[in-house]
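These notes concern the structure reproduced below.
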2 protein chains.
Amino acid sequence: MNTVIDLISRMRELNGTLPKREQLVADFVLGNLDQIPFLSQHEIAKAADVSVATVNRFAMTTGCEGFRDFKIRLAQSVAVSQQYFDANGIDTSPAGQLVGKVFGTLSDTLGLARSQLEMQPVENAVDMLNGAQRIVFFGVGGSSANVAREAANRFFRLGIASEAHADGYVQRMLVSTLDKKDLVFAISSSGQPAELLDSVTIAKQYGVPTLSLTKAGSELAALTDLCIQLDLPEDPDIYKPSAQRLVYTAIIDVLAMGTARKRPDRVKENLRRIRTSLLPLSKDSGPRPIGD
Amino acid sequence: MNTVIDLISRMRELNGTLPKREQLVADFVLGNLDQIPFLSQHEIAKAADVSVATVNRFAMTTGCEGFRDFKIRLAQSVAVSQQYFDANGIDTSPAGQLVGKVFGTLSDTLGLARSQLEMQPVENAVDMLNGAQRIVFFGVGGSSANVAREAANRFFRLGIASEAHADGYVQRMLVSTLDKKDLVFAISSSGQPAELLDSVTIAKQYGVPTLSLTKAGSELAALTDLCIQLDLPEDPDIYKPSAQRLVYTAIIDVLAMGTARKRPDRVKENLRRIRTSLLPLSKDSGPRPIGD
DNA sequence: TCAATTATGTAAGTAACTTACATTTATTCC
DNA sequence: GGAATAAATGTAAGTTACTTACATAATTGA
């Protein structure tokens with residue numbers, strides 16, 4: 001729902017460029033976002049000390065078809081952007097703020113990723129993954145390495161030989177032993193690490209199919225046979241871990257789910273065996289997430 | 001925004017229990033969710049072949065104060081529940097469906113986690129983490145192990161000695177060497193793995209503070225000094241990886257961010273050093289996510 | 001300074017929602 | 001089965017809220 005994000009952003013873009021009276025309306029609206037959808041035009045006009053026609057004009061200025069349209073669209077914007085704050089209003093506790101920010105940014109970044117994702121490369125990637133006899137996931141640099149590890153953790157369950165490597169030396173040695181029935185899947189948020197680019201280049205020289213999940217327009221994106229590419233913003237708050245790696249993990253889940261659905265019988269049997277293998281390791285035999 | 005989820009759920013609960021004409025309205029509304037907020041009462045009445053007063057009654061039956069209130073609340077419900085589907089309407093491509101499902105479930109699970117999270121244990125956990133001289137993250141079983149690894153990847157940047165271990169043997173040996181200035185942080189979606197419980201028990205015997213992120217009411221939850229506990233549903237679709245581990249990673253991010261904010265100078269300097277250390281490893285020196 | 005353009009408010013016009021009441025339908029009780 | 005009661009329903013009047021028109025005020029540019 002890009003229309004959802006756009007209305008709050010739109011008002012923020014317009015902020016400071018509006019005629020005097022409309023600016024008063026904008027100030028009031030931006031300062032009372034969650035209540036506005038439930039207020040009448042007259043109530044807003046009174047609170048902002050302007051006429052009702054100015055409120056209507058402001059709604060038109062934002063690109064809506066009128067105040068009615070504005071109210072509905074704002075309700076949607078507010079609902080999405082505030083869904084992780086406390087239901088009783090804005091939670092002012094330090095922890096509440098942290099949760100709202102981390103969860104909200106993740107949600108926004110998921111929305112952005114969704115708008116950027118092209119479905120055809122996703123479907124082609126699922127086909128590549130489903131057709132591979134062995135998948136080698138590569139990632140370097142902490143989080144990307146962990147995403148690669150988690151990818152292997154997902155795909156081994158589907159009955160495809162899957163492994164993950166973060167060590168650049170091992171990566172380049174390993175790709176030298178692969179062939180065209182295998183698949184190299186490189187994961188990197190920046191698309192720039194030299195070691196990763198070298199390993200992928202070597203894989204291609206040996207005719208190994210290559211796939212990547214990385215930054216749009218990067219060297220890695222251009223280098224691999226197929227790329228799922230995204231241009232996600234870096235978080236302005238340096239103290240906050242990037243939402244990007246969680247989005248990458250969710251995309252791995254999309255690919256894993258798509259691949260699983262292409263081989264349901266094998267997957268089901270594997271999951272059953274996995275569950276059985278885990279039974280003796282717990283203090284009781286209650287339900288466990290088989291997707292863990 | 002639990003009110004957001006409730007209206008669609010509410011209508012689904014009421015489905016089949018309504019008077020005849022109101023049931024026609026419900027059928028039409030549930031079949032055209034994304035358009036309803038932009039239709040008038042009269043338009044809905046005509047489409048459902050009922051009177052306008054019946055549409056108003058239906059709105060009242062759902063618990064709203066009238067049709068105006070209903071429309072706003074429905075706009076919010078729809079915006080949240082459909083935010084990851086294609087902006088042009090429901091995407092019927094296989095990949096679009098996968099993305100919508102994975103992203104949507106993650107968003108729902110984040111919302112559920114938010115409603116369950118208690119802020120006081122989160123703040124206490126941040127204090128424990130900030131006060132530890134060394135943090136040892138434990139997870140077993142694939143994804144929890146990867147969450148633990150990612151946690152260590154987050155916390156080492158804050159200037160706290162941080163490590164992750166998935167091997168039960170190493171875990172129990174290691175906790176035998178810790179003392180009360182250290183912290184054991186156990187991560188498990190089920191809260192039941194015997195090895196993990198044993199290691200935590202040994203840690204406690206040696207007076208090592210213990211923290212966990214795990215299933216509410218589980219043995220691990222009861223065992224540790226402090227627990228961030230959640231009761232998240234297992235996904236009914238066996239082919240889909242669980243959203244839970246992504247939610248757990250997001251909660252680790254909350255804790256990491258909270259801890260970082262308690263030591264801003266140290267963190268800033270560490271992040272600067274980390275970025276500097278990474279510079280020679282890329283094919284160019286463009287911006288990289290420092291949170292990676 | 002003046003003319004043209006833009007901004008603004010008031011009030012009339014219109015759309016849409018809410019409420020009242022009469023009629024119809026369904027349920028309950030004898 | 002029939003009468004009484006309760007619930008459901010539609011029509012239309014009443015009310016609210018939004019939209020539009022127009023006059024006036026303020027701003028901009030030559």
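Not measured: the values here are computed from a predicted model. Residue numbers begin at 1 in each chain, while the letters A, B, ... track the order of the sequences.
The side chain of B:Gln41 places no N or O atom within less than 4.0 Å of a non-bridging phosphate oxygen (OP1 or OP2) of C:dA15.
Side chains of A:Met11 and A:Leu33 form a contact here, defined as non-hydrogen atoms less than 4.5 Å apart.
At a threshold of 4.0 Å, the pair B:Glu269-B:Arg272 counts as salt-bridged, since one of the basic side-chain nitrogens sits closer than that to a carboxylate oxygen. Between B:Arg261 and A:Asp237 a salt bridge is recorded (basic side-chain N to carboxylate O distance below 4.0 Å). Note on B:Arg10 versus B:Glu13: salt bridge recorded, some NZ/NE/NH1/NH2 to OD/OE distance being below 4.0 Å.
You'll find that the side chain of B:Ser40 is closest to C:dA16, out of C:dA26, C:dT8, C:dA16.
For the pair A:Gln23 CD and C:dT8 C1', the computed distance is 16 Å after rounding to whole Å. Between B:Arg57 atom CZ and C:dC21 atom P the separation is 14 Å, expressed in whole Å. What separates CZ of B:Phe58 from C1' of C:dC17 is a distance of 17 Å, to the nearest Å. In this entry the distance linking CZ of B:Arg21 with C1' of C:dT24 reads 11 Å, nearest Å.
Ranked by how close their nearest DNA chain C nucleotide is to the 5' end, B:Val52 and A:Glu22 are led by A:Glu22.
With A:Ser242 contributing its side chain and A:Gln244 its backbone, the two residues share a donor-acceptor pair below 3.5 Å. A donor-acceptor pair under 3.5 Å is formed between the side chain of B:Gln116 and the backbone N or O of B:Asp231.
Contacts between residues 64-72 of chain B and DNA chain C, counted as heavy-atom distances below 4.0 Å, involve B:Gly66, B:Phe67, B:Arg68, B:Lys71.
The heavy-atom pair separating B:Ala75 from A:Ile72 by the smallest distance is CB-CG2, 3.9 Å.
The footprint of chain A on DNA chain D, defined by a heavy-atom cutoff below 4.0 Å, extends from D:dC18 to D:dT27.
Counting heavy-atom neighbours within 6.0 Å of A:Asp127 CG, excluding the residue itself, gives a total above 12.
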